[in-house]
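First comes the structure, then the notes that go with it.
Computed from heavy atoms alone, side chains included, the values below leave out hydrogens, waters and symmetry copies.
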Amino acid sequence: MKPKKPKFNLPSNTELVTIQQASLRLGKGFSRRSILRRIDEGEWEEGTHWIDDRRVGSVKRMIKINLTAVMELRGIPSAYR
């Protein structure tokens with residue numbers, strides 16, 4: 001039996017983009033490397049700030065960034081995150 005994957009309910013206003021596109025749109029401080037660091041360290045949550053859009057059985061991750069959620073997170077002062 002295959003393990004069940006969690007289903008994420010993304011809001012209708014979600015804007016999913018590749019890491020490269022997110023880096024360009026978010027600007028300074030959001031290089032490909034820093035985005036991957038935020039994902040790997042758990043600063044950004046899967047299903048909220050990013051999703052893995054790879055096909056079943058694929059080995060490589062295909063990460064899509066939720067720009068809407070990231071921009072909301074940026075709007076919170078750093079002392080309260």
Look at atom CZ of Arg37 and say whether more than 12 heavy atoms of other residues, nucleotides or ligands are closer to it than 6.0 Å.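 Yes, the 6.0 Å shell around CZ holds more than 12 heavy atoms from other groups.
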Please check if atom CD in Glu43 has more than 12 non-hydrogen atoms from other residues, nucleotides or ligands closer than 6.0 Å. yes
Would you name the heavy atoms of [X] and [Y] that are closest together and state the gap between them?
X     : Y     : value
Thr14 : Thr68 : CA-OG1, 3.8 Å
Thr18 : Gln21 : N-OE1, 3.0 Å
Arg54 : Val59 : NH1-O, 2.8 Å
Asp52 : Met62 : OD1-N, 3.1 Å
Arg38 : Gly29 : NH2-O, 3.3 Å
Phe30 : Ile35 : O-CD1, 3.7 Å

Any carboxylate oxygen within less than 4.0 angstrom of a Lys/Arg side-chain nitrogen, looking at Arg61 and Asp40?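 Salt bridge between Arg61 and Asp40, a charged N being under 4.0 Å from a carboxylate O: yes.
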Lys/Arg N to Asp/Glu carboxylate O, Glu15 vs Arg25, below 4.0 Å: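 Looking at Glu15 and Arg25, the cut-off is met.
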Could you state the interatomic distance from [atom1] ([X]) to [atom2] ([Y]), rounded to the nearest 0.5 Å?
X     : Y     : atom1 : atom2 : result
Arg74 : Leu26 : CZ    : CG    : 5.5 Å
Leu16 : Leu67 : CG    : CG    : 8.5 Å
Ile63 : Gln20 : CD1   : CD    : 14.0 Å
Ile19 : Arg32 : CD1   : CZ    : 5.0 Å

Find out whether Val17 and Lys64 are in side-chain contact, i.e. whether some heavy atom of one side chain is under 4.5 Å from a heavy atom of the other. no
With a 4.5 Å cut-off on side-chain heavy-atom distances among I, L, V, M, F, W and Y, is there a chain of contacts connecting Ile65 to Leu24?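 No; tracing contacts between hydrophobic side chains, which count when under 4.5 Å, never links both residues.
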Residues Leu73, His49; criterion side-chain contact (heavy atoms from CB on, under 4.5 Å); working and verdict: CA-CA 9 Å; Leu73 182 66; His49 301 103; 4.0 Å; yes
Looking only at atom types and distance, does a side-chain atom of [X] sit under 3.5 Å from a main-chain N or O of [Y], one as donor and one as acceptor?
X     : Y     : result
Trp44 : Val70 : no
Asn66 : Thr48 : yes
Ser34 : Ser31 : yes

